[in-house]
Amino acid sequence: MIDGVFGLASRLYDLRFEKSEEIEKYHPEVQVYEVYRAEKFMAVLYLDFHPRSTKRSGAWMTEFRDQHYDAEGRDVCPWVSLVMNFTPPTPEQPSLLTVDEVNTFLHEFGHALNGMLSEVRYATLSGTHSPRDFVELPSQLNENWLTEPEFLNTFARHYQTGEPIPEEYVTQLKNLNRFMAGYLCVRQLSFGYLDMMWHTMPAADVDDILRLERSIFDTVEVLPVVPGACMSTAFSHLFSGGYAAGYYGYKWAEMLEADAFALFKETGVMNHDTAQRYLETILSKGGSVDAMEMFVNFRGREPKIDALLERDGLL
C-alpha cells in the first residue's frame with residue numbers, strides 16, 4: 001500500500017521516496033523517508049501507522065517544521081508527519097487495510113503533499129496554512145484515485161495469491177460511494193448550519209439549547225429525532241481544533257475537489273501535465289494566494305457544483 005501511494009505521487013508529481021535509518025524518530029515503529037522532486041530535496045516524511053497505548057485515536061497530518069525561506073534566503077524544507085491507527089499485523093498475517101483505511105491513507109497523504117510540495121516565503125502561509133474551506137481540497141481530491149484502475153492495478157493484489165483485485169469489486173466500491181449520498185449530503189450541511197448558528201447568534205439570545213438546535217436540524221434532517229440526543233454538547237469541532245465557524249468547509253472543499261478531479265477525468269487521471277498544473281497552481285502555494293484565485297488558475301474558471309452532483313448520482 002505504501003508503494004502504491006508513493007507510486008501515485010511519483011507518477012503525478014515526479015517525487016522520489018528514500019527510506020532513511022539515519023534520521024531520528026520519536027518512536028521505533030515510525031518509518032522515515034527523504035522526499036525528492038527530481039534532484040531537489042523537498043521534505044522529511046514520517047509515517048506512524050499502528051495504534052499503541054500512548055497514542056490517541058484517529059488519523060491526522062501534522063508538520064514539525066513548515067517550509068519557508070530563512071533570513072539568508074535559504075529554502076528550509078518541511079518535516080511532515082502522518083499519524084494513523086490502522087489494523088496492525090498479527091503473527092499469522094501482515095497488516096491488511098480495509099477500504100476505509102486506504103481512503104484515510106490517501107486523504108492524509110493529500111495533506112502531506114500540500115505540505116511537502118510547498119514553495120512559499122513565509123511558514124505561516126506554507127502547506128496546509130490555507131483557509132479552512134480550502135484546506136481539505138488536496139486531501140479529498142487525493143481520495144478520488146481509490147477506485148481508479150490506473151492506480152489500483154499498481155498494487156491491489158491478493159496478499160497470498162497475487163491475484164489482481166477483480167473488476168466487479170471496483171464497480172461495487174464505486175456504487176457504494178453513492179449509497180445514501182443524499183442523506184450524507186444533508187447530514188454534512190446540518191453540521192455546517194449548526195456551527196454557523198452558534199457563531200453568529202448573540203449570547204443573550206441563547207436560552208434553550210435543544211430548541212435552538214432543532215430549529216436548524218429540522219430544516220435538513222430526514223431521519224426521526226432520537227430523544228435526548230444533543231449534537232451541540234457532543235460535537236467538539238463546533239468550538240475546538242480550528243474548525244469553529246468553519247465546519248462547512250468540508251462540504252465546500254468536496255465541491256471544489258470534485259470539480260478539480262473532473263479535469264483529471266477529462267485529460268486522464270494520470271495525466272502528467274494536469275498534475276503539474278495542479279502542483280504549480282495549488283499544492284505549492286499554501287495560503288500565499290487567494291483560494292478562489294488558486295482554483296481558477298487550475299480549473300480555468302470558478303467552481304461549479306455539477307461534478308459533485310454527478311459523482312454522487314444526484315444529477
Side-chain angles (χ1 to χ4, degrees), residues 5-16 35-43 45 61 63 66-69 75-78 80 106-146 148 150-151 246 249-308 310-311:
V5 172
F6 283 179
L8 177 65
S10 297
R11 290 175 69 181
L12 293 176
Y13 312 114
D14 303 316
L15 298 185
R16 187 174 82 256
V35 184
Y36 296 85
R37 184 163 185 256
E39 297 307 314
K40 181 182 179 182
F41 180 56
M42 299 297 297
L45 175 64
M61 170 268 191
E63 290 165 301
D66 297 301
Q67 180 271 329
H68 65 281
Y69 281 84
D75 188 0
V76 179
C77 77
V80 175
L106 287 170
H107 179 100
E108 300 304 336
F109 199 80
H111 283 311
L113 289 170
N114 205 183
M116 295 188 299
L117 298 176
S118 176
E119 294 190 57
V120 303
R121 181 173 181 181
Y122 301 108
T124 53
L125 296 174
S126 73
T128 56
H129 296 288
S130 57
R132 170 58 65 184
D133 57 6
F134 191 81
V135 72
E136 295 297 335
L137 187 161
S139 56
Q140 295 182 170
L141 176 71
N142 214 45
E143 296 175 26
N144 284 281
W145 276 271
L146 175 61
E148 294 298 328
E150 291 92 333
F151 170 58
Y250 275 100
K251 199 63 192 175
W252 179 256
E254 188 179 354
M255 185 269 290
L256 295 177
E257 57 86 2
D259 197 13
F261 192 68
L263 183 57
F264 276 96
K265 295 287 282 187
E266 291 170 15
T267 60
V269 294
M270 294 296 184
N271 185 281
H272 190 261
D273 291 339
T274 303
Q276 293 306 300
R277 181 173 169 183
Y278 171 58
L279 187 160
E280 292 166 5
T281 57
I282 292 179
L283 281 181
S284 64
K285 299 302 182 186
S288 65
V289 177
D290 177 78
M292 182 62 79
E293 183 180 343
M294 281 192 282
F295 186 89
V296 172
N297 287 342
F298 171 66
R299 196 65 174 93
R301 55 163 173 74
E302 292 193 355
K304 297 180 180 180
I305 198 173
D306 303 59
L308 175 62
E310 182 177 353
R311 187 177 68 188

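Throughout, numbering of the chain's residues begins at 1 and tracks the sequence.
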Participant: Rounded to the nearest 0.5 Å, what separates atom OG in Ser126 from atom CD in Gln67?
Facilitator: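 Going from OG on Ser126 over to CD on Gln67, the span is 5.5 Å.
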
Participant: When you look at Val80 and Met116, which way does the side chain to side chain contact (heavy atoms under 4.5 Å, CB included) test go after all the steps?
Facilitator: CA-CA 7 Å; Val80 175; Met116 295 188 299; 3.8 Å; yes

Participant: How close do Glu63 and Asp66 get, heavy atom to heavy atom, and via which atoms?
Facilitator: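 For Glu63 versus Asp66, the nearest heavy atoms are OE1-OD1, 2.9 Å.
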
Participant: Give a yes or no on whether a salt bridge exists between Glu143 and Arg311, defined as a side-chain N under 4.0 angstrom from a carboxylate O.
Facilitator: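 Between Arg311 and Glu143 there is no salt bridge, as every charged N stays at least 4.0 Å from the carboxylate O atoms.
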
Participant: To the nearest 0.5 Å, what is the distance between CG on Asn114 and OG on Ser139?
Facilitator: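 The CG atom of Asn114 sits 8.5 Å away from the OG atom of Ser139.
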
Participant: Answer whether the closest heavy-atom distance between the side chains of Pro138 and Leu283 falls below 4.5 Å.
Facilitator: yes

Participant: Tell me if the CH2 atom of Trp252 is crowded by more than 12 foreign heavy atoms within 6.0 Å.
Facilitator: no

Participant: Considering only heavy atoms from C-beta outward, does the side chain of Thr281 approach that of Met294 to under 4.5 Å?
Facilitator: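 No - every pair of side-chain heavy atoms lies 4.5 Å or more apart.
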
Participant: Taking all non-hydrogen atoms of both residues into account, name the closest pair between Leu117 and Leu15 and its distance.
Facilitator: CD2-CD2, 3.6 Å

Participant: Calculate, to the nearest 0.5 Å, the distance between atoms OG1 and CG belonging to Thr274 and Leu263 respectively.
Facilitator: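 With rounding to 0.5 Å, OG1 (Thr274) is 5.0 Å from CG (Leu263).
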
Participant: Can Arg277 and Glu280 be counted as an ion pair, charged N to O under 4.0 angstrom?
Facilitator: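 Not counted as a salt bridge, because no side-chain N and carboxylate O are separated by less than 4.0 Å.
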
Participant: Tell me, do Glu136 and His111 make a side-chain contact under 4.5 Å, heavy atoms counted?
Facilitator: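 Yes, their side chains come closer than 4.5 Å.
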
Participant: Considering non-hydrogen atoms only, spot the tightest contact between Leu256 and Asp133 and give its length.
Facilitator: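 That closest heavy-atom pairing would be CD1-O, 3.9 Å.
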
Participant: Take atom OH in Tyr122; do more than 12 heavy atoms of anything else shown fall under 6.0 Å from it?
Facilitator: no

Participant: Could you measure the distance from the CG atom of Leu8 to the CG atom of Asn142? Nearest 0.5 Å is fine.
Facilitator: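 Reported value, rounded in 0.5 Å steps: 6.0 Å.
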
Participant: Which pair of non-hydrogen atoms, one from Val5 and one from Phe151, has the smallest distance, and what is that distance?
Facilitator: N-CE1, 4.2 Å

Participant: Identify whether the distance between the nearest side-chain nitrogen and carboxylate oxygen of Asp75 and Lys40 falls below 4.0 Å.
Facilitator: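 Answer for the salt bridge query: yes.
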
Participant: Are side-chain heavy atoms of Met61 and Phe109 found at a separation under 4.5 Å?
Facilitator: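 The answer is no; the side chains never approach within 4.5 Å.
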
Participant: In terms of relative ring orientation, are Tyr278 and Phe264 parallel, tilted or perpendicular, with 30° and 60° separating the classes?
Facilitator: perpendicular

Participant: Yes or no on side chain to side chain contact (heavy atoms under 4.5 Å, CB included) for His272 and Asp14, after CA distance, side-chain angles and deciding distance?
Facilitator: CA-CA 9 Å; His272 190 261; Asp14 303 316; 2.9 Å; yes

Participant: Taking Lys285's backbone N and O only, do any of them form a donor-acceptor pair with Ser288's side chain (distance below 3.5 Å, no angle check)?
Facilitator: yes

Participant: What's the separation between atom CD1 in Ile282 and atom CD in Glu293, rounded to the nearest 0.5 Å?
Facilitator: 11.5 Å

Participant: A side-chain contact here means heavy atoms from C-beta on lying under 4.5 Å apart; do Leu12 and Trp145 qualify?
Facilitator: yes

Participant: Report the distance from atom CD of Glu254 to atom CG of Leu141, rounding to the nearest 0.5 Å.
Facilitator: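 Rounded to the nearest 0.5 Å, the CD-CG separation comes to 12.0 Å.
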
Participant: Minimum heavy-atom separation for Glu148 to Phe261, with atom names?
Facilitator: OE2-CE2, 4.0 Å

Participant: Verify the neighbour count for atom CD of Glu302: are there more than 12 heavy atoms of other residues, nucleotides or ligands below 6.0 Å?
Facilitator: no

Participant: Between Asp259 and Arg301, is the closest basic N to carboxylate O distance under 4.0 Å?
Facilitator: yes

Participant: Quick check: closest heavy atoms across Met270 and Arg11, and the distance to 0.1 Å?
Facilitator: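 Scanning both residues completely, I find the closest heavy atoms to be CG-NH2, 3.5 Å.
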
Participant: Looking at Tyr36, does the NZ or CZ of Arg16 lie under 6.0 angstrom from its six-membered ring centre and within 45 degrees of the ring axis?
Facilitator: yes

Participant: Taking the side chain as every heavy atom from C-beta outward, state whether Met292 and Val296 have any atom pair closer than 4.5 Å.
Facilitator: yes

Participant: What residues, two or more places apart in sequence or in another chain, satisfy side-chain hydrogen bond (donor to acceptor under 3.5 Å, both in side chains) together with His68?
Facilitator: none

Participant: When you look at CD of Glu310, are more than 12 heavy atoms from neighbouring residues, nucleotides or ligands closer to it than 6.0 Å?
Facilitator: no

